[in-house]
Amino acid sequence: MQIAHKLALTGTAALAAAAAPASAQTMTLSVTIPRLSVAEYHRPYVAIWLEKEGAVPRTLSVWYDYDMKNGEGTKWLRDVRQWWRVSGRTMKFPADGITGATRAPGEQKQVFTVGKGPLGAVGPGNYTLVIEAAREVGGRELLRLPFTWPAKPGAVVKAAGASELGAVSLSFGK
Amino acid sequence: MKTRLLIASALAALLLPGAAQAHRQWMMPSSTVLSGTDSWVTVDAAVSNDLFYFEHNPMRTDGIKATAPDGTEVKIENPATGKYRSTFDVHLTQQGTYRIASVSSGIMGSYTLNGKQVRLPRGTTKETLVAAIPAGATDVRTSEAASRNEIFVTLGAPTTTIFKPTGVGIELVPVTHPNDLIAGEAASFQFLLDGKPAADLAVTVIPGGIRYRDALKQMDLKTDKAGKLTVTWPEPGMYWLNASVGGGREGGPGSPGGPGGQGAAAGASPAPRPAAPAGPPARRASYVTTLEVLAP
């Protein structure tokens with residue numbers, strides 16, 4: 001179940017897109033989940049979504065305990081509270097191409113292809129990729145990666161978390 | 001005398017939450033924003049001075065009703081009343097916004113028969129009023145009272161089906177959904193009195209956690225002509241909201257005889273009665289809700 005999006009292309013924007021050189025066609029996201037030395041550790045719930053002013057936010061990934069019986073893992077989705085408000089609460093779970101298992105500490109990579117899967121078509125404009133992590137009996141952290149589309153292949157946007165997220169980067173490829 | 005006063009105030013608390021007494025009545029849900037397909041909330045219900053600590057009296061659970069987004073009534077489960085609080089559970093199985101409310105309305109008042117003042121029995125309504133007053137009664141004073149203490153909880157995305165006004169007492173109509181409140185953001189609500197916009201209604205908002213701070217941090221607000229008001233939440237947390245008319249309540253217009261005590265002017269009897277307070281106002285209504293404001 002994917003939420004519907006409408007990206008309106010204005011005349012000039014469409015022209016700019018057509019005039020732009022061969023644009024990047026993939027976005028590779030690297031998310032580092034920090035190793036935490038705490039008495040009780042649970043892998044964080046992580047939501048990744050794309051925002052563009054004037055458009056409906058687009059959820060790209062949700063890592064949670066999707067395989068618990070009776071969908072019990074969905075009970076805690078609301079703790080990823082900013083994502084829950086902008087997108088999650090209107091979705092149905094599990095969501096095709098979006099739902100995924102929680103990830104272990106370390107670097108986690110995910111590749112999104114323009115025009116395919118949850119990312120879908122990307123019109124020109126200013127976007128923000130947002131990553132929010134919330135950990136059971138732990139804290140919450142949110143990072144924002146702003147970028148302009150079309151992006152140059154090889155360009156990288158970075159951010160670093162301080163508690164629930166480590167280094168995060170978004171790189172664009174052909 | 002002291003016992004009598006206690007009984008009287010206890011009665012008032014039962015009939016009209018938040019009316020003419022210092023204590024605050026409230027319900028506190030374990031969650032207001034929930035996810036999943038099947039969730040539960042546990043609610044504490046009490047009457048207390050501090051918010052939200054149970055240190056005075058429990059609230060009774062027999063008048064509390066839960067309504068599902070589709071309008072059906074949901075059973076209050078595992079109700080229990082202790083010394084200081086009541087608690088109960090509500091099982092959420094539908095997506096959308098639920099209302100959990102204690103609502104009462106009725107007529108309070110008194111009459112004089114054979115030189116003795118008699119109170120109208122509890123539970124008197126418009127329909128039973130005539131039967132409740134015996135022949136020969138004089139100095140009949142009545143006051144319509146409506147109270148509403150309600151909270152909202154949402155499973156999934158917020159819905160507004162349960163906000164259809166009944167036209168009785170003070171009611172809240174969302175402009176901003178009460179389960180979509182974020183610190184630093186302005187929220188708007190409309191208030192109705194007997195189904196019509198409640199203009200110039202005094203509304204008091206107090207953040208919870210009073211016990212651990214010196215200042216009450218009370219916000220005294222007033223509705224505009226359309227009965228609307230806007231609140232910008234200073235910080236995340238639970239907030240107690242109260243509005244009343246004719247009850248002499250926190251933020252409300254004066255007690256009997258005060259600015260809002262219409263009964264003093266409209267009273268049927270011109271005879272001075274120093275032993276009894278002035279007659280009750282013709283219309284009393286109170287509204288209480290607990291709102292959760294989330295961190296951004």
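Order of the sequence lines sets the chain letters (A, B, ...), proteins ahead of strands, with each chain counted from 1.
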Query raised in the report: Would you call B/Val90 and B/Phe88 a side-chain contact if the rule is heavy atoms closer than 4.5 Å?
Result: yes
Query raised in the report: Is A/Gln108 close to A/Gln110 at the side-chain level, that is, under 4.5 Å between some pair of heavy atoms?
Result: no
Chain A and chain B: which donor-acceptor pairs fall below 3.5 Å?
from: A/Thr74; atom 1: O; to: B/Ser35; atom 2: OG; distance (Å): 2.5
from: A/Lys75; atom 1: O; to: B/Ser35; atom 2: OG; distance (Å): 2.8
from: A/Leu77; atom 1: N; to: B/Ser35; atom 2: OG; distance (Å): 3.3
from: A/Arg78; atom 1: N; to: B/Ser35; atom 2: OG; distance (Å): 3.1
from: A/Arg78; atom 1: NH1; to: B/Ser31; atom 2: OG; distance (Å): 3.1
from: A/Arg78; atom 1: NH1; to: B/Val33; atom 2: O; distance (Å): 2.7
from: A/Arg81; atom 1: NE; to: B/Ala295; atom 2: O; distance (Å): 3.1
from: A/Arg85; atom 1: NE; to: B/Asp180; atom 2: OD1; distance (Å): 2.6
from: A/Arg85; atom 1: NH1; to: B/Glu185; atom 2: OE1; distance (Å): 3.4
from: A/Arg85; atom 1: NH1; to: B/Glu185; atom 2: OE2; distance (Å): 3.0
from: A/Arg85; atom 1: NH2; to: B/Asp180; atom 2: OD1; distance (Å): 3.4
from: A/Arg85; atom 1: NH2; to: B/Glu185; atom 2: OE1; distance (Å): 3.0
from: A/Arg89; atom 1: O; to: B/Ala157; atom 2: N; distance (Å): 3.2
from: A/Arg89; atom 1: NH1; to: B/Asp180; atom 2: OD1; distance (Å): 3.3
from: A/Arg89; atom 1: NH2; to: B/Asp180; atom 2: OD2; distance (Å): 3.0
from: A/Arg140; atom 1: NH2; to: B/Pro296; atom 2: O; distance (Å): 3.2

Query - Nearest-0.5 Å distance that lies between atom CG in B/Leu193 and atom CD1 in B/Ile170 - result: 6.0 Å
**Report entry** Atom pair CE/CD1 of B/Met28 and B/Ile151 - distance to nearest 0.5 Å
**Finding:** 8.5 Å
Requested in this report: Given side chain to side chain contact (heavy atoms under 4.5 Å, CB included), test A/Trp149 with A/Val122 step by step and report yes or no.
Outcome: CA-CA 8 Å; A/Trp149 189 262; A/Val122 182; 3.5 Å; yes
Query - Minimum heavy-atom distance A/Val156-A/Ser171, with the two atoms named - result: CG2-CB, 3.8 Å
